[in-house]
Structures are given as structure tokens and as C-alpha cells.
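In what follows, residues are counted from 1 in the order of the sequence shown. Quantities reported herein were computed from a predicted structural model and do not represent experimental measurements.
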Amino acid sequence: MFDFKTMLEEGLFLKTSGSTGPAKMVFQSSNKIKSANSVAREVQKIDSNSKILTVCSLNHAGGLLAQTLPGLEIGASVVIQSFNAFRWVDQIKMFSHTHLTPQHIELLRKTKSWGQLDLSHVRITCGSDVVTIAMIEESIDQGAIFTVNWGMTEIGPCAINKTFYPGDIIP
């Protein structure tokens with residue numbers, strides 16, 4: 001079980017993905033987490049009224065730092081559950097924010113209802129691997145505000161990002 005209050009007060013150790021070298025444990029101080037939370041909230045427009053659906057592992061920076069801790073710190077509603085494409089499609093209408101991996105989107109694309117979803121009420125951040133133009137286009141065509149997100153455990157979850165809005169032309 002995760003003790004979010006202690007994480008915010010004392011910091012925590014997270015294991016890096018190893019994408020830039022061997023995976024290692026990195027300490028995130030309380031001040032570093034709070035600073036990263038502030039950036040994540042600004043980029044994703046997370047506020048105390050946000051309803052966040054967390055489906056990524058909390059053992060990874062994307063699951064814990066992208067939206068979960070930023071939302072919990074200010075009293076937003078956060079639901080944490082393992083990813084299931086059919087459940088996500090059914091539940092997303094109740095949420096304003098979610099962070100997905102490209103693998104999640106690939107699974108969502110295989111559901112019958114993916115192309116008919118109304119995502120006009122949701123902000124999706126997506127990262128951890130290659131995000132394709134098709135993923136972005138399909139999401140914004142359905143009304144989502146879609147942020148391609150690259151972060152590093154060492155730096156923060158929103159180190160590099162680009163947000164696309166419905167109607168944007170993807171280069």
C-alpha cells in the first residue's frame with residue numbers, strides 16, 4: 001500500500017526505467033516532488049475539481065508522479081486501478097484526466113467503441129514509449145486534449161511535453 005502523505009512529507013525512492021542506462025533507484029525529496037507536482041498540474045490543468053483515473057503502475061514515475069501525487073496533493077479525486085481496456089472505455093466518461101502508455105492506447109484501439117468515444121471532457125497524457133501520430137490524431141479527433149509526455153524519474157514527469165487540441169494539425 002502506498003502512503004501518499006508520507007511520500008509528500010518525506011520523499012521516496014523510485015526505480016528508473018533504464019531507458020538511458022541501467023535501471024537504478026533514485027531518491028525524490030519532498031521539495032522535488034512538490035515542485036514536480038506543481039509543473040504537472042500547470043501542464044495538465046489539474047485542480048481540486050479534477051477527477052483522475054490512474055491506470056499506470058505506481059512503482060513507475062508515470063503512474064505516481066504524472067497525475068496521482070499532483071492531484072492528491074491538492075485534494076483532487078483520484079481513482080487507482082489496474083488497466084483494463086474495456087473498463088477504461090466504460091469509465092472514462094466519469095473522469096477529467098488520465099495518463100496512458102502507448103501500449104494502453106494500442107489495446108484501447110482494439111476495442112469496438114474506441115472510435116466512437118466522446119473524449120471532449122478528458123485530458124490524456126501519454127508517454128513512456130513512442131507515441132505515434134495516429135494515437136494523437138485519433139484522440140484529438142474524439143475531442144481529447146492530448147499531451148505527449150516524456151519525463152524521467154530523475155527530472156520529473158513532465159520534463160518535455162507537447163499538448164495537442166481538437167482541430168490541431170499534427171506535423
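Judged as a salt bridge (Lys or Arg N to Asp or Glu O under 4.0 Å), the pairs with a partner in residues 67-81 (not counting sequence neighbours) are, in order, R41-E73.
Smallest separation of non-hydrogen atoms from P102 and G127: CD-O, 2.9 Å. Closest approach of G63 and C56 over heavy atoms only: CA-CB, 3.5 Å. Across all their heavy atoms, S50 and S96 have their closest contact at CA-OG, 3.5 Å. Across all non-hydrogen atoms, the minimal contact from I52 to G71 is CD1-CA, 3.8 Å.
The distance from the CG atom of L100 to the OG atom of S139 is 8.0 Å, given to the nearest 0.5 Å. Expressed to the nearest 0.5 Å, how far CD1 of I80 lies from CD of Q67 amounts to 11.5 Å. Between the OG atom of S38 and the CD1 atom of I74 there is a distance of 9.5 Å, given to the nearest 0.5 Å.
For E10, there are no salt bridge (charged side-chain N to carboxylate O under 4.0 Å, His left out) partners two or more places apart in sequence or in a different chain. In this structure, Y165 has no ring pair (Phe, Tyr, Trp, His ring centres under 6.0 Å) partners at least two apart in sequence or on a different chain. Evaluation of the salt bridge (charged side-chain N to carboxylate O under 4.0 Å, His left out) rule for D118 yields no partner, not counting sequence neighbours. When the salt bridge (charged side-chain N to carboxylate O under 4.0 Å, His left out) test is applied to R109, the partners found at least two apart in sequence or on another chain are E106, E138. Taking the salt bridge (charged side-chain N to carboxylate O under 4.0 Å, His left out) definition, one finds that R123 meets it with nothing, sequence neighbours left out.
Within 6.0 Å of CD on E42 lie no more than 12 heavy atoms contributed by other residues, nucleotides or ligands. Within 6.0 Å of atom NZ in K51, 12 or fewer heavy atoms from other residues, nucleotides or ligands are found, so the atom counts as exposed in its surroundings.
The side-chain contact (heavy atoms from CB on, under 4.5 Å) test with V78 is passed by exactly one of I46, T54, L53, L69: T54. Here the rule is side-chain contact (heavy atoms from CB on, under 4.5 Å) with F146, and of V122, I140, I170 only I140 fits it.
No chain of hydrophobic side-chain contacts below 4.5 Å, direct or via other Ile, Leu, Val, Met, Phe, Trp or Tyr residues, connects L58 to V55. Hydrophobic cluster membership is shared by V89 and M94, with clusters built from Ile, Leu, Val, Met, Phe, Trp and Tyr side chains linked at under 4.5 angstrom. Taking hydrophobic clusters as Ile, Leu, Val, Met, Phe, Trp and Tyr residues chained together by side-chain heavy-atom distances below 4.5 Å, L65 does not share a cluster with V148. V131 is connected to L117 through a chain of hydrophobic side-chain contacts under 4.5 Å among Ile, Leu, Val, Met, Phe, Trp and Tyr, so both are in one cluster. Note on I92 and F164: same hydrophobic cluster, where clusters join Ile, Leu, Val, Met, Phe, Trp and Tyr whose side-chain heavy atoms are under 4.5 Å apart, directly or indirectly.
Looking at H99 and Q44, their side chains never come closer than 4.5 Å, going by heavy atoms from C-beta outward. I145 places none of its side-chain heavy atoms less than 4.5 Å from the side chain of I124. Considering only heavy atoms from C-beta on, F83 stays 4.5 Å or farther from T98 through its side chain. You'll find the side chain of I105 reaches within 4.5 Å of the side chain of C126, heavy atoms only. Looking only at side-chain heavy atoms (C-beta outward), I33 and N37 come within less than 4.5 Å of each other.
T125 and T147 share no donor-acceptor pair across their side chains, judged by distance under 3.5 Å alone. Between the side chains of Q116 and Q142, no donor N or O sits under 3.5 Å from an acceptor N or O.
Cation-pi check for K93 over F95 is not met; the charged atom does not lie both under 6.0 angstrom from the ring centroid and within 45 degrees of its normal.
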